[in-house]
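The structure under discussion appears below in the form of structure tokens.
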Amino acid sequence: MQKVRTRIAPSPTGDPHVGTAYIALFNRCFAQQHGGEFILRIEDTDQVRSSAKSEQDILNALKWLGLSWSEGPDIGGEFAPYRQSERSALYSAEILKLLESQHAFRCFCTAERLQDLRVKQMGEKSTIGYDGHCLQLSAEEVANKISRGEEHVIRMRIPEAGDCVFNDLLRGEIRIAWQQIDMQILIKSDGLPTYHFANVVDDHHMRISHVIRGEEWINSTPKHLLLYQYFGWEPPVYCHMPLLRNTDKSKLSKRKNPTSIGYYRDMGYLPEAVVNYLGMMGWTMPDGQEKFTLKEMTASFDLSRVSLGGPVFDVTKLDWLNGKYIRENLNDEQFANLFAEWAFKPEKVARIIPLLKERVERFTDVAPLAAFFFAGLPEIDATRFEHKKLSQEDSRKILQFILWQLEQLRGFDRDDIEAACLGLAETLNTKIRDLLFPLFVAISGKSTSTSVIDSISILGLDITRARIRYAISVLGGISNKEAKAFEKEFRELGQASDKQLTND
RNA sequence: GUCCCCUUCGUCUAGAGGCCUAGGACACCGGGUUUUCAUCCCGGCAACGGGGGUUCGAAACCCCCAGGGGACGCCA
């Protein structure tokens, strides 16, 4: 029997997501329970969106949770490198095989043509996908286009008829007609592989035996299986976990919920409680025990106990659990140490002190002034936002625009934030002090406080986002209609690139 | 629109045909302890989406419907 090897393969394109931790947890438990290995691979084939910072954040977040791995970009391993951007030669070599066997072909279609095609197919209510246009190109035509240096991609061929039938470890037989499957791009015009290709190649070369991933991948499994078949490789066992959900049951998203692991750390949750909570999403201990350690979960793990309904990630129960951990697991000394470590990080304190010093007359002034640096959500209501020039709607809009602006920032220094706010004030033709007013209330709970720009920089995006969103809800929330109008206006101000607002 | 997945209290879930008068936990409500509050303890509220089968017997198995979700990118 083949050794069990599982992996988590995050893409470093944003904040470390609780969904990543969730899938990592189950992969890790499964591997360890079978005496196998759990590895970490960074899928950074998207040159534009990937960043080193994001990769580091993800690694740190998973480490914080205690979800350690035995091979990865930080520690190496037998199948190094573990970063896809460093494995290009492998993909180039492998794609050649598919090109030679005619299982893949070069496609010179323009983005415009593909867009038109999609629109047309949408109108005809048919399956959306590539029409095989470039399949008709002769070998000479292809050679000519290549010698002329024409940009192109490489796509995989898909059977024209029949079904792809495969077995999901939890769901049993799944059958998808090949006609539903698109001729997936394997190599992008920048020469880098897409997820589908790199993922299969790496899973094979890294001897991954079980692919435990989110339900969102079910529909692309046929492509992956077909690649294994084309290569003549033995495919892994697939297992699709349910997706974590927002309260409204949609897929967990940043817009509706705090999804960043950093948020939970910054809000003062214990990593053990967060892991425990993730473990009870779709899974239970055989004896029904609700509070359990990672070690206990690993020891009693049984993948077949996963229930398939998408669990709502509802922090109420996490709050209760975290309180239980604090009360039952920490003695006074541990509590004091952990709290101090959480609250008084030297670099954080060093940045807060100068802000306080110029505003206090006695030490007794410190706590009330600085409390919001160590708090979660401020205690505010709509009256707090009353302002001679700004209506509630104005404030909502300003807060939403600032949030969008902050989310697009690369750096999070005070100067980055200041520039963003000044820029926004100018495009909105608002005085900066008026623009900042609702922000002061949202962040500090008061209209008078330490510099809100510095404060935001110290608090970080995760907490800032939560407070701004809370303030917006206190101000009555943004209706769907209003959201659309805001988005449109924000885009027209030239403050956003197309996808940034809607992406999770 | 096409395809795929899913469906037990508001939420997380137990349930592998009779142990189910459907159990536990969170939340909520009530009571007790506590100088207040919280903790803690006790109690209560509350669900098998609908319709057909199969069976002596169905929350569980099958079919249909409905609802929810996901996928349909030179993102992953």
Side-chain angles (χ1 to χ4, degrees), chain A residues 9-14 17 19-20 42-50 84 107-111 114-115 118 121-130 151-155 163-164 166 168 170-172 174-182 184-199 213-223 240-252 276-291 304-321 323-324 326-328 499 503-504:
Chain A
S11 174
T13 54
H17 200 282
T20 305
I42 293 292
E43 308 224 326
D44 56 350
T45 54
D46 183 339
Q47 292 263 275
V48 182
R49 295 200 304 146
S50 296
Q84 289 186 330
C107 166
F108 299 84
C109 291
T110 60
L114 295 174
Q115 184 54 35
R118 236 176 313 235
Q121 287 169 333
M122 210 61 117
E124 285 169 358
K125 299 174 181 177
S126 54
T127 309
I128 294 161
Y130 186 63
E151 268 209 348
H152 66 280
V153 300
I154 299 175
R155 290 178 183 272
D163 294 340
C164 174
F166 63 97
D168 182 285
L170 284 170
R171 294 160 201 264
I174 294 176
R175 177 183 299 265
I176 298 173
W178 285 116
Q179 284 174 338
Q180 289 296 320
I181 310 298
D182 196 12
Q184 180 63 46
I185 292 177
L186 301 177
I187 302 289
K188 298 178 272 189
S189 58
D190 64 4
L192 291 176
T194 55
Y195 164 84
H196 302 281
F197 189 64
N199 188 265
R213 52 163 34 163
E215 193 179 357
E216 54 198 328
W217 295 108
I218 291 179
N219 287 286
S220 35
T221 304
K223 294 170 189 171
H240 293 94
M241 294 286 294
L243 254 24
L244 259 23
R245 310 289 185 92
N246 297 310
T247 321
D248 66 2
K249 298 274 188 181
S250 57
K251 174 172 147 179
L252 191 64
N276 187 159
Y277 182 66
L278 288 174
M280 56 204 260
M281 299 275 91
W283 194 80
T284 41
M285 291 285 271
D287 63 357
Q289 184 188 339
E290 291 208 282
K291 185 179 169 221
S304 69
R305 292 187 65 79
V306 170
S307 60
L308 264 11
V312 171
F313 191 92
D314 184 355
V315 291
T316 319
K317 194 159 186 174
L318 171 60
D319 287 340
W320 162 78
L321 192 63
K324 207 170 159 65
I326 286 178
R327 284 189 297 277
E328 295 176 5
K499 281 204 159 181
N503 268 349
D504 179 33

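Naming: A, B, ... by sequence-line order, numbering from 1 per chain.
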ask   = Expressed as a whole number of Å, how far does the C1' atom of C4(B) sit from that of C9(B)?
value = 29 Å

ask   = Nearest 0.5 Å, what's the CZ-CE distance between R213(A) and M241(A)?
value = 13.5 Å

message = Less than 4.0 angstrom from a charged side-chain N to a carboxylate O is my criterion; do E215(A) and R171(A) meet it?
response = yes

ask   = Side-chain N or O of T316(A) less than 4.0 angstrom from OP1 or OP2 on U11(B)?
value = no

request  = With the side chain of S250(A) defined as its heavy atoms from C-beta on, choose the nearest nucleotide among G69(B), A16(B), U2(B).
outcome  = G69(B)

task = Have a look at C109(A) and say if it touches a base, only the backbone sugar-phosphate, or nothing, with a 4.0 Å heavy-atom cut-off.
result = base

ask   = Once you round it to whole Å, what is the distance between P of G67(B) and CG of D248(A)?
value = 17 Å

query = What pairs with K249(A) under salt bridge (Lys or Arg N to Asp or Glu O under 4.0 Å), at least two apart in sequence or on another chain?
reply = none

inquiry  = Around atom CD of Q179(A), are there more than 12 heavy atoms from other residues, nucleotides or ligands closer than 6.0 Å?
reply    = no

message = Using a 4.0 Å heavy-atom cut-off, does I218(A) contact any base of the nucleic acid, only the sugar-phosphate backbone, or nothing at all?
response = sugar-phosphate

query = U34(B) and C26(B): how far apart are their C1' atoms, nearest whole angstrom?
reply = 24 Å

ask   = Does D248(A) have any salt bridge (Lys or Arg N to Asp or Glu O under 4.0 Å) partners at least two apart in sequence or in another chain, and if so, which?
value = K256(A)

task = Could you label the plane-to-plane angle of the Y195(A) and W217(A) rings as parallel, tilted or perpendicular, counting under 30° as parallel and over 60° as perpendicular?
result = parallel

ask   = Checking all strands, does S307(A) fall into the base, sugar-phosphate, or nothing category for heavy-atom contacts under 4.0 angstrom?
value = sugar-phosphate

5' precedence on RNA chain B between S11(A) and G288(A) (nearest-nucleotide basis) = G288(A)

ask   = In terms of heavy-atom contacts, does CD of Q289(A) have more than 12 from other residues, nucleotides or ligands at under 6.0 Å?
value = yes

Between the protein and nucleotides 38-45 of chain B, are there any N/O to N/O pairs under 3.5 Å, and if so, what are the atom names and distances?
residue	atom	partner	partner atom	Å
U39(B)	O3'	R327(A)	NE	3.3

Phosphate OP1/OP2 of A76(B) contacted by T45(A) side-chain N/O (<4.0 Å) = yes

inquiry  = What is the distance, to the nearest angstrom, from the CE atom on M285(A) to the C1' atom on C12(B)?
reply    = 16 Å

message = Once you apply a heavy-atom cut-off of 4.0 Å, does R305(A) come out as touching a base, just sugar-phosphate, or nothing?
response = sugar-phosphate

key: A76(B) phosphate, OP1 or OP2, under 4.0 Å from K188(A) side-chain N/O   = yes

message = Using atom P in both nucleotides, what's the gap between U33(B) and A38(B) to the nearest angstrom?
response = 14 Å

inquiry  = Can you tell me the base-pairing partner of C56(B)? Count Watson-Crick or G-U wobble geometry only, both distances below 3.5 Å, and say none if there is no partner.
reply    = G18(B)

query = Reckon R118(A) has a side-chain N or O less than 4.0 Å from the OP1 or OP2 of G73(B)?
reply = yes

ask   = Does G44(B) pair with anything, Watson-Crick or G-U wobble, both distances under 3.5 Å, and if so, with which nucleotide?
value = C28(B)

ask   = Considering only side-chain heavy atoms of K249(A), which listed nucleotide, G69(B), A76(B), C3(B), is closest?
value = G69(B)

ask   = E290(A) near the nucleic acid: base, sugar-phosphate alone, or nothing, with a heavy-atom cut-off under 4.0 Å?
value = base

message = Using a distance-only criterion (donor-acceptor N/O pair, under 3.5 Å, no hydrogens), is the base of A25(B) paired with the side chain of K317(A)?
response = yes

request  = Give the nucleotide from the list A76(B), C12(B), U13(B) with an atom nearest to the side chain of T284(A).
outcome  = U13(B)

request  = Take atom C1' in C48(B) and the same atom in A16(B), then report the distance between them in whole Å.
outcome  = 16 Å

ask   = Got a donor-acceptor pair under 3.5 Å from the side chain of R49(A) to the base of C75(B)?
value = yes

task = Pick base, sugar-phosphate or nothing for V153(A), based on heavy-atom distances below 4.0 Å to the nucleic acid.
result = base

note = Comparing nearest nucleotides in RNA chain B, the 5'-proximal residue of the pair G309(A), E151(A) is G309(A)

query = Any salt bridge between E290(A) and K324(A), counting N to O under 4.0 Å?
reply = no

request  = Measure from the side-chain heavy atoms of R155(A) and tell me the nearest of G69(B), C74(B), A76(B).
outcome  = C74(B)

